[in-house]
There are 4 protein chains.
Amino acid sequence: MIIVLKQNAQEKNIEQITKELESLGLAAHVSRGETTTIIGVIGDKTKLTGKNLDLMPGVEKIVAITESYKLANKQFHTSATVVKIGDVEIGGDKLVVMAGPCAVESRLQLLETAQAVKKGGASILRGGVYKPRTSPYSFQGLEEEGLKYMREARNQTGLKIVCEVTSAHAIELCAQYVDILQIGARNMQNFELLKFAGKSGLPILLKRGLSATIDEWLNAAEYILSEGNPNVILCERGIRTYETATRNTLDLSAVPVIKAKSHLPVIVDPSHACGVRAYVPALSKAAVACGCDGLILEVHPHPEAALSDGAQSLNPEDFEKLMGELKPLAKIMGRLMA
Amino acid sequence: MIIVLKQNAQEKNIEQITKELESLGLAAHVSRGETTTIIGVIGDKTKLTGKNLDLMPGVEKIVAITESYKLANKQFHTSATVVKIGDVEIGGDKLVVMAGPCAVESRLQLLETAQAVKKGGASILRGGVYKPRTSPYSFQGLEEEGLKYMREARNQTGLKIVCEVTSAHAIELCAQYVDILQIGARNMQNFELLKFAGKSGLPILLKRGLSATIDEWLNAAEYILSEGNPNVILCERGIRTYETATRNTLDLSAVPVIKAKSHLPVIVDPSHACGVRAYVPALSKAAVACGCDGLILEVHPHPEAALSDGAQSLNPEDFEKLMGELKPLAKIMGRLMA
Amino acid sequence: MIIVLKQNAQEKNIEQITKELESLGLAAHVSRGETTTIIGVIGDKTKLTGKNLDLMPGVEKIVAITESYKLANKQFHTSATVVKIGDVEIGGDKLVVMAGPCAVESRLQLLETAQAVKKGGASILRGGVYKPRTSPYSFQGLEEEGLKYMREARNQTGLKIVCEVTSAHAIELCAQYVDILQIGARNMQNFELLKFAGKSGLPILLKRGLSATIDEWLNAAEYILSEGNPNVILCERGIRTYETATRNTLDLSAVPVIKAKSHLPVIVDPSHACGVRAYVPALSKAAVACGCDGLILEVHPHPEAALSDGAQSLNPEDFEKLMGELKPLAKIMGRLMA
Amino acid sequence: MIIVLKQNAQEKNIEQITKELESLGLAAHVSRGETTTIIGVIGDKTKLTGKNLDLMPGVEKIVAITESYKLANKQFHTSATVVKIGDVEIGGDKLVVMAGPCAVESRLQLLETAQAVKKGGASILRGGVYKPRTSPYSFQGLEEEGLKYMREARNQTGLKIVCEVTSAHAIELCAQYVDILQIGARNMQNFELLKFAGKSGLPILLKRGLSATIDEWLNAAEYILSEGNPNVILCERGIRTYETATRNTLDLSAVPVIKAKSHLPVIVDPSHACGVRAYVPALSKAAVACGCDGLILEVHPHPEAALSDGAQSLNPEDFEKLMGELKPLAKIMGRLMA
């Protein structure tokens, strides 16, 4: 941490800041430039909690040098994390594909989709039973009934299952049915939910918030990790920009950035990012080529009748075709597909 | 709702869409242009739930014409809503000022602040006891202990009190102590929390999400209103943009937009929006001049020692000075100050 | 400037960097933290041109401490700049209002508008004769014919005149007719145009780019100032965000930020920022209340027939009404109006 | 085009609008909904120039249905455009790689780079001689001297050459030396420059503006095309968002969107988009996998000594390695590499 002083800062200001830092057990390293003087702060910065150095006389601003997340930080945990869900490994040498409908709508719809994505090569079935919807008048999900269908699909196909949770209550219920809990984009900074999810002990699929920086996203992961739960899978799903040709802007640079800054696996959701079925295959390929650990794709047996996000869902034929096209790409990237 | 057809759409596509609409009890109004044909959909659009018209053959896109929020919509509720908290009215002819520390840190800190903001002319005391913080290692709030101090401050000063809630549990607890529940920016689309807050029966201060459109914000209000709770106060608090000179970008155009689209009162939080104490007075004045119903300001007796957001807090002297400067502005805008 | 080293940086890296800096006549100030070592660079940073310190072995990143603009910087030029155009002063104790049509369309339209805005209290007439339009098929402006009408309006009313320039050729021509040259948002980083405008010797109204940071905007001003032209007037006109209820998002926090960082006057254009006539009065008042030096407003005698931006133009009656409402606000802000 | 009426619009408003449209030779198609009435406008919309229908009594808003660009639109020009520069074809079955330094710094630097990128497999040499720089104190380019070096490099290697132009003067000069003119991001809406570039007859590499929508970008291409110049190559180079881990956010979804909306070839610049050398390989692969027609990459023989953008430049070894890795990817995508 660096304290940048004002041009007109006085010697007594520097003394006061130095004294304050030393009283907290920190060292101050003063560096006098031609126009600006800076003070480097050396030692454990958590000792500064509750000290607003930026408001001390003579201080222009504070510049942070190190990241605030520790457990998610590659600097302190250099080997890549592999999240294991039974025999499915995320972050290892396989490219893992999660697929399924945005929302579980009925037993038949789900079982049909599960068979289709199994056949296409997915290893995890996705399906929402608690749907966070912009309008209260949109379909809100089947809740526990949907979880039962998910479980039935798991039994039939052997696919692992992932469901989004939107409340502590939903976590308690889902924990009885699913293999992975998903925290959605809108709840990425719902810190109470993150802590509760961390305590569940289940692997957590943590989507990036619509307007979250990568730094905030890794800090959100830190909430889960700091509950003693090491199994966090990050998911890039598009960020909010001014562009309107796509629903959101898929930020694929997040993949190499995460790989540089963290040891956690990262997957990509092109379906929600672009919101248009026709763009999903190209973005899926791009995601694989830039080194992601997996994909999460929306597949619906009859997209034109979907209760949620039909416009971006692939049908089973498109999905199978895309999976076939991804295989040689994955191979080049050093990844196997199921 | 308008269905725009593809250039190569065929007559049978138009027939199929028309038939589909009619089967749902809706009317189709076909309009053939030189290059593009459109179909206007007439009738109750909720009948379209679960029908993805955009995936029907020949369809290019769907264009929504009317807003999805109804209870928050000025078109269906033309008179301005005034939220009453005892003798304090928000949305009426007074400019209401809420003030206090970002976080309740101690009994003494809070009581000192409460006296100061009361003296300065505030009518509502703010103070966080559940703090949503980017990093799990930052101060997270005093919880119920803080609520007790808030209540004591209320008893001493007569100020009404508002606290942020971040979980159903926090709502249950806060409801026993406070006058207004605040939903923070990060939870604006935590729909479970919105429903629960709606059911509490207490007035809700709903902050705009960091990257929420005004349309999404009014839809979030709709979640509360549709639980039978009409007392929603909107709060503009800055949106996320690329600019870094301020923490967020205060979107004051939201004030006249909300006044045009909704009947709900809207207040402004310049402290969190800009994140820099020096800019708070100018933005407070601007907010009053563009017609907001009130302000929420961070005030701390010793900002340099604040546990949260000290950099943007006014001290009691600055607050009192600002309140004095706001008075003639409020008067010109046809508003009284306490 | 601070050089932050990698965690695994070696002693020889530090030596190499230090040697490099010293060879350039700069001093290095090494500060060893518990996990991170930083090097403060002391001396004239222009000596570093062409040296990419961030690529030297062991370097994690470079953190700039001081701004790159000098002539526009308040630190080196503490008194406020007042731009004088005859008897009109921008940046002084008067609130200056520029008004007129987006585009000059005809002699009659312009003269009618000029009379109207003169009557309403404007002191400068705006009117575009070179129109940068998104589509090549939109009206592109009357060019020199329009300049002649502007000049005639100036003669009739005594108003000063300002026109946007979009090329070196336009600057040469406009310099013969107008009092102020405007650089529009789309050309804010058209550096050739900035240099040419700087050389013209005329006062320059420099609009903020649609997605320009305040730092980039002040650097653009630096291009003009460094040509020996001190008469730059900044104009905030809305930035691009994801919000769609307004055309752009007016960033009024730019006003106090500019006042803190620069000595240049700053005016506000609410018309282009919001793009909706109904929101212009509220935003104009807000702009005045947060301390701007003036406003630029679109006024058209018959907005419904305007060739450009009619939707955001005030008619003469609305303009006169707004000017009346601004007067007491300006007075409170310590500003006179003509 | 659709005119949406206000809820309280009266029959006489509808009549007036209909009459207005008919007087212009357009047809009006009125569609009365339960709460909202809309009017479809049928015929040539250019007849509406100078008519602000949105200001007519009873009008709520105008909704555009068709794009304003015609020549760039795939609907009216369905076969893909292939831009030919001698024996190099962009938009055909080859993946074209442009590479070279951000700025031409010296004869030796350029010739060394040219040999290296030729060896690595590039077919076009890039190199800036007019540098648009944020600060006037940064290196601004070698201008004509640099063009001569570019030409010499062309003669030595057989590579085609591309240079950015920033003024009409630069276009005149560059036209004597280079094969392709580049319009940079900051000048994407410098319409005078676009027209002038269109008139040059040379192929134009048109970079997307930092905050340009795809629609605006295609309209900028339209400026060039409408001068009778069909040889436009689009280049996605990152857009401005709130994320700070990368310089800009590479929007790879632009590639499939452009392929859906336009017939023009599109290449990708990962170097400027991310600004960090370490992320360039992953993003280059992603770009190829999502179907772009080529890449433009920054390569510098000694990035640590580059006068501009060294931090994002590959050195010749990295470039050659990346080219080797791209080859099998390109092949899967049905593209050959030189």
Side-chain angles (χ1 to χ4, degrees), chain B residues 1-9 18 21 25-48 59-68 70 73-78 209-211 238-249 257 260-261, chain D residues 1-9 18 21 25-48 59-68 70 73-78 209-211 238-249 257 260-261:
Chain B
M1 178 186 285
I2 291 160
I3 303 169
V4 181
L5 298 185
K6 290 184 172 149
Q7 297 248 324
N8 61 1
T18 304
L21 290 172
L26 296 163
H29 202 267
V30 181
S31 180
R32 290 163 213 270
E34 287 186 358
T35 55
T36 309
T37 293
I38 61 172
I39 302 176
V41 181
I42 297 161
D44 176 10
K45 305 308 177 296
T46 62
K47 293 174 180 169
L48 288 166
V59 175
E60 173 72 27
K61 62 179 170 184
I62 303 291
V63 180
I65 297 297
T66 48
E67 290 92 359
S68 55
K70 304 299 170 196
N73 200 319
K74 201 178 176 178
Q75 290 197 331
F76 309 115
H77 183 304
T78 50
L210 260 80
S211 71
I239 60 173
R240 180 155 275 183
T241 71
Y242 60 82
E243 177 58 65
T244 55
T246 45
R247 183 199 280 177
N248 294 120
T249 297
V257 172
K261 291 185 180 292
Chain D
M1 177 187 284
I2 292 158
I3 303 169
V4 181
L5 298 185
K6 290 185 171 148
Q7 298 248 324
N8 61 2
T18 303
L21 291 171
L26 295 162
H29 202 268
V30 182
S31 181
R32 290 163 213 270
E34 287 187 359
T35 55
T36 309
T37 294
I38 62 173
I39 302 176
V41 181
I42 298 161
D44 175 10
K45 305 308 178 299
T46 62
K47 293 175 179 168
L48 287 167
V59 175
E60 173 72 25
K61 62 180 170 183
I62 303 290
V63 180
I65 296 298
T66 48
E67 290 93 358
S68 54
K70 304 298 172 197
N73 201 319
K74 200 178 177 179
Q75 290 197 332
F76 309 114
H77 184 303
T78 50
L210 261 80
S211 71
I239 60 173
R240 180 155 274 181
T241 71
Y242 60 81
E243 177 58 66
T244 56
T246 44
R247 185 200 279 177
N248 293 122
T249 297
V257 172
K261 291 184 180 292

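This is a predicted model, so every value here is computed, not measured. Proteins get letters first, then strands, A, B, ... in listed order; numbering begins at 1 in each.
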State the CD1-CD1 distance between D/Ile38 and B/Ile38, to the nearest 0.5 angstrom.
-> 5.0 Å
Minimum heavy-atom distance D/His29-B/Val30, with the two atoms named = CE1-O, 2.8 Å
So which part of B/Ser31 gets closer than 4.5 Å to some heavy atom of chain D, the side chain, the backbone, both or neither?
-> both
Measuring heavy-atom distances to chain D, does B/Val41 have an atom under 4.5 Å in its side chain, in its backbone, in both, or in neither?
-> neither
Report yes if the side chains of B/Ile2 and D/Ile2 come closer than 4.5 Å at any heavy-atom pair, otherwise no.
-> yes
D/Glu60: side chain to side chain contact (heavy atoms under 4.5 Å, CB included) partners, not counting sequence neighbours = D/Val4, D/Lys6
Results of side chain to side chain contact (heavy atoms under 4.5 Å, CB included) for D/Lys74 - residues two or more places apart only = none
Answer key: most heavy-atom pairs under 4.5 Å with chain B among D/Arg240, D/Met1, D/Lys61 is D/Arg240
